[in-house]
Amino acid sequence: MTEKQFTITDEAGMHARPASALVGTVSKFKSDIQLEFKGKKVNLKSILGVMSLGISSGSVVTISADGEDEAEAMAKIEEAMKAEGISNQ
Amino acid sequence: MTTELYGIAASDGIAIAKTYRLESPSLEFDRNTIDDPALEIERFQTAIAVSSKELELIKEQAETQIGPKEAAIFGAHLMVLSDPELIGPITEKIETDRVNAETALHEVSEMFMNIFASMDNDYMKERAADIKDVRNRVLAHLLGVKFPNPGLISEKVILLAEDLTPSDTVQFNPEFIQGFLTEIGGRTSHSAILARTLEIPAVVGVKKLMESLADETLLIIDGIEGKIIADPTGEQIESYKKRKEEYEHQKTVLAGLKDAPSVSSDGSKVELAANIGSPKDVKSALENGAEAIGLFRTEFLYMGRDSFPTEEQQYEIYSEVLKAMGTKPTVVRTLDIGGDKELSYLDLPKELNPFLGLRAIRLCLEMPDMFRTQLRALLRSSVHGNLKIMFPMIATLDEFRQAKQLLLEEQEKLAAENIAFNKDIEVGIMVEIPSTAVMADLFAKEVDFFSIGTNDLIQYTMAADRMNENVSHLYQPFNPAILRMVKMVIDAAHKEGKWAGMCGEMAGEEMAVPILLGLGLDEFSMSASSILKTRSMIASLSKAEMENHTDTILALATAEDVKNYVAQLMDK
């Protein structure tokens, strides 16, 4: 399993646009991908799940991927985070 | 009978048309138990597939009609339709609880809607409407009922709905939809944002809207004020038609004159500036073509808190405004508080006559430490833009000299600390007390500029409180006494090679502008929304011609005479 922390820097937090970008990125991977925020874990392939956490700007989230394509998935997540201005780290 | 309703003004503009009620079909269903879960799941998946296809179409239509940014929301809707956390629990419910698809869909989506609705963030709250929109579409397909299609409307109407869903709004043909009204929603709901993009007026959050207005009712909606008039009188229709024209004219003017200089028909240039009360107002000032900030009131920095703002807090705010204005001048008025404007943390004795009491510069000179903090913050911020400092309520030359002395002392301190500031800041005064207007020739030798504060100058000259209904008729901007005083101030400034501006409401008044142009006023500072109108007006006026009328105007006996004279001039 691979795991990484991100600080959300998008000013409006995890609103519809960044959430769709992330969900769209991970949907094509086979791995089980989870996002954890304040002790709550949701499926990163679920836009409702991700948005329901009400993640605001400045929050730290942990994303974990588990499965055969986990490394590639995590690389794509990092890429999307930067490209969409969701997180700069 | 004419009735009025009010709501939240969500998109500017005025519309006059008949209502078209957009009502959702009944989506009621029974909670049934089913025998064959596999069959029920298949029925559910078919409904999802059909809904997805529809959304794809709507998304395409939105991309071409409105734009990819607005269409993105349908991408999110499509994602909801394939969301494993939505679809999974629904099919599970059908299997284990043996309920019909309608029930399972309703219960699972309701759970998500409740999560969003209970968030303490307006944006997230409104996302509950997105889920409902998607849910209703699928539900309609499960039930085999038709979803409303606003795309079929082919005459000019004002749409009425309890709530407009994004898929409704996107089908609008702006050619026919003159505006819309909703019972729920706020300024950040999709409908409100789309209305602003389409540039059609909208009023949202109108209580009891659907029960108050029938189909084909003639309506006036005013998206600027958030007002609705049902069954208006002929007079109201005429008046709003005029306002609509003015609004549309101003919008066209806005496009053409925003970056144009303010020049009279005979080539004389003046400066049109905006009055602002906080950094938030800068954006609208620039959008309305302001060439400067002629009055930045700093009171807001001191109000709504329980202690004085620190130097650092003030520095941040001033810098923000100066940076946004760039090389354009920003005239900051030092604190004008006391008298009728109170601060909770500043215990001032009650005064019998606050307008003639300890306020503005009088208070600042009485409390030099507080004043020095503001001056220091201003000086430090001066490196970020084109700052000019203005003292309010100056009655005597002594007061100006004292205030200027404090400023010089703060400059010396900063220089000693090696802190950067602009050494050539212009320092001026507001002319709002008759004694200063009368002595303007002597003031002009010491100040860098004048800004005539007509609101107070008129009330002090006429000794009439304009808030007092019994004497408000004496509050006369066009009284020749006022105009003569304005002339004295402008002439005194020009004699010393200084400039004179005006930051009272008079500067943006249609009837006053021609007179002020003739008197040689250099800078007109007004509320941002008046700038473009004034610019187009100045372009149609000849300064030389107005100068020729000045002597005649100043020799008139009453305010009425002045107004009649100007009205006649303008009619020509």
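What you are looking at is a predicted structure, and each value in this text was computed from that prediction instead of being measured. In what follows, every chain begins at residue 1, and chains take the letters A, B, ... in the order their sequences are listed.
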Okay, B:Met119 and chain A: the region with an atom under 4.5 Å from a heavy atom over there is side chain
Heavy-atom contact with chain A under 4.5 Å, split by part of B:Ile131: side chain
Contacts of residues 17-41 of chain A with chain B (heavy atom under 4.5 Å): A:Ser20, A:Val23, A:Gly24
So if I take each residue of residues 44-53 of chain A and look for any heavy atom under 4.5 Å from a heavy atom in chain B, which residues do I end up with? A:Lys45, A:Ser46, A:Ile47, A:Leu48, A:Gly49, A:Met51, A:Ser52, A:Leu53
Could you pull out the closest heavy-atom pair between A:Met14 and B:Met124, with the gap in Å? O-CE, 3.1 Å
Step through the shown structure and confirm whether more than 12 heavy atoms of other residues, nucleotides or ligands are within 6.0 Å of NZ on A:Lys76. no
By residue number, those in residues 93-114 of chain B with heavy atoms under 4.5 Å from heavy atoms of chain A are B:Phe112
Side chains of residues 59-67 of chain A: which donor-acceptor partners sit under 3.5 Å, not counting sequence neighbours?
| residue | atom | partner | partner atom | Å |
| --- | --- | --- | --- | --- |
| A:Ser59 | OG | A:Ser56 | N | 3.4 |
| A:Ser59 | OG | A:Ser56 | O | 2.7 |
| A:Ser59 | OG | A:Ser56 | OG | 3.4 |

Taking B:Ala72, B:Pro84, B:Ser82, B:Ala76 one by one, which has the highest count of heavy-atom pairs under 4.5 Å against chain A? B:Pro84
